[in-house]
Amino acid sequence: MSYRGVTALVTGASKGLGRAYALELARRGARVILLARSDGDLRELAAQIHERHGRTDTEVITGDLTAPDGPERILEELRDRGLTVDLLLNNAGAGSVGPFLTRPIEPQLSSVALNVGGLMALTHAIGGELVARGSGGIINVSSIAAFQPMPYQASYAATKAFVLSFTEALAEELRGTGVHVMAAHPGAIATGFFDGTTATINPRAADTPANVAARTLNDYARRRAVSYPGRAVNRALTWPARLLPRTAVARITGGFNRSQRLHEVVDLT
Ligand SMILES: NC(=O)c1ccc[n+]([C@@H]2O[C@H](COP(=O)([O-])OP(=O)(O)OC[C@H]3O[C@@H](n4cnc5c(N)ncnc54)[C@H](OP(=O)(O)O)[C@@H]3O)[C@@H](O)[C@H]2O)c1
């Protein structure tokens with residue numbers, strides 16, 4: 001399960017799951033390139049990687065994947081610094097929670113731009129380089145939310161359904177090129193994903209970021225097509241949507257999310 005000799009670009013590395021991916025990759029011997037908007041948090045993480053693993057070659061790239069020229073500026077930065085990526089870990093993602101019509105539209109459009117647009121742009125550019133070299137790979141972080149419509153997380157689940165479909169299709173297009181493409185579908189993770197809203201993640205029903213990161217990287221190293229890097233029930237939860245009519249599934253997930261009070265979510269002031 002060693003990642004020695006691998007240079008990995010981790011998007012959304014400043015906190016949550018991305019931070020855990022960066023730490024776990026460094027622990028396994030990879031050189032990491034940390035990407036997010038929060039420069040201070042990324043530099044603090046690079047210092048921690050140095051302290052824990054003795055690595056002085058961690059790179060920090062501060063960039064906004066939703067800015068119109070965001071992905072292009074990030075790619076330019078990689079080129080200017082002469083960095084060659086072996087593993088693209090598209091982890092950065094943002095949620096939208098609450099009733100679609102009563103929540104502001106801007107954060108939801110921005111979540112689509114990040115979860116879909118940013119991921120696609122980096123995959124297109126770096127995927128092309130990987131295929132030219134005939135090695136390396138891409139991990140796209142989706143979610144078990146990808147498998148069914150999710151009332152009160154409507155646009156978020158739709159972005160993750162995009163990531164699921166897109167990743168499966170791309171994996172097939174790149175089969176035989178030497179480039180491995182894998183989607184990861186975590187369930188709830190104890191991160192600050194819902195920060196700024198009244199929604200919360202119950203830590204007892206959630207996996208730790210460190211566990212999810214380690215399992216994802218194990219699955220990628222085994223060249224699995226897909227990873228369910230959380231507790232076993234997460235994978236089982238993806239099955240009803242494959243077996244039941246989609247309207248029934250939407251009703252069930254809507255009922256579940258109402259029981260979590262997601263229909264009442266408001267921003268914290
Ligand atoms: N937490 C869960 O329960 C859960 C479950 C399933 C799947 N996931 C998926 O796991 C991934 C990580 O989620 P998380 O829970 O770790 O979220 P998080 O704690 O909110 O972290 C999100 C990361 O994305 C970065 N980011 C946000 N907007 C960005 C932008 N415009 N450009 C570049 N980076 C940006 C953030 O850094 P800056 O703010 O510094 O830019 C941060 O590092 C996401 O794809 C999410 O959908 C999460």
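Whatever order the structure lists ligands and atoms in, that order sets their numbers, starting from 1. Computed from heavy atoms alone, side chains included, the values below leave out hydrogens, waters and symmetry copies.
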Which atoms of ligand 1 have any heavy atom of [X] under 4.0 Å away?
X	answer
S38	38 (P), 39 (O), 40 (O)
A188	3 (O)
A13	43 (O)
D64	30 (C), 31 (N), 32 (N)
T66	31 (N)

In one Ile/Leu/Val/Met/Phe/Trp/Tyr side-chain cluster, 4.5 Å: V181, L130:
yes
Can you confirm whether the side chains of [X] and [Y] place a donor and an acceptor under 3.5 Å from each other?
X	Y	answer
S14	D41	no
N91	R19	no
S96	S155	yes

When you measure from the side chain of [X] to the backbone N and O of [Y], does any donor-acceptor pair fall under 3.5 Å?
X	Y	answer
D219	R224	no
E264	Q260	no
S111	A94	yes

Identify, for [atom], the protein heavy atom at the shortest distance, and state residue, atom and that distance.
atom	value
atom 4 (C) of ligand 1	I189 CD1, 3.7 Å
atom 22 (C) of ligand 1	G93 O, 3.7 Å
atom 37 (O) of ligand 1	S14 OG, 2.8 Å
atom 18 (P) of ligand 1	K15 CE, 4.1 Å
atom 12 (C) of ligand 1	N91 OD1, 3.3 Å
atom 10 (O) of ligand 1	V141 CG1, 3.5 Å
atom 29 (C) of ligand 1	R37 NE, 3.5 Å
atom 14 (P) of ligand 1	T191 OG1, 3.7 Å

In a check of side-chain contact (heavy atoms from CB on, under 4.5 Å) between V97 and each of N257, T198, V265, which one passes?
V265
The one among [options] that brings a heavy atom closest to [atom]:
atom	options	result
atom 6 (C) of ligand 1	G63, A206, G70, G187	G187
atom 7 (C) of ligand 1	A67, G12, S142, A113	S142
atom 17 (O) of ligand 1	Y156, Y21, F193	F193
atom 32 (N) of ligand 1	L65, V212, V10, L34	L65

Please work out, at 4.0 Å between heavy atoms, whether the side chain, the backbone, both, or neither of A145 comes within that distance of ligand 1.
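Looking at A145 and ligand 1, no heavy atom falls under 4.0 Å.
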At under 4.0 Å between heavy atoms, what of H185 touches ligand 1? The answer is neither
For ligand 1, find out whether one of its N or O atoms is nearer than 3.5 Å to an N or O atom of A94.
no
Below 30° counts as parallel, above 60° as perpendicular, anything between as tilted: where do the rings of Y228 and H185 land?
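Rings of Y228 and H185: tilted, 30 to 60°.
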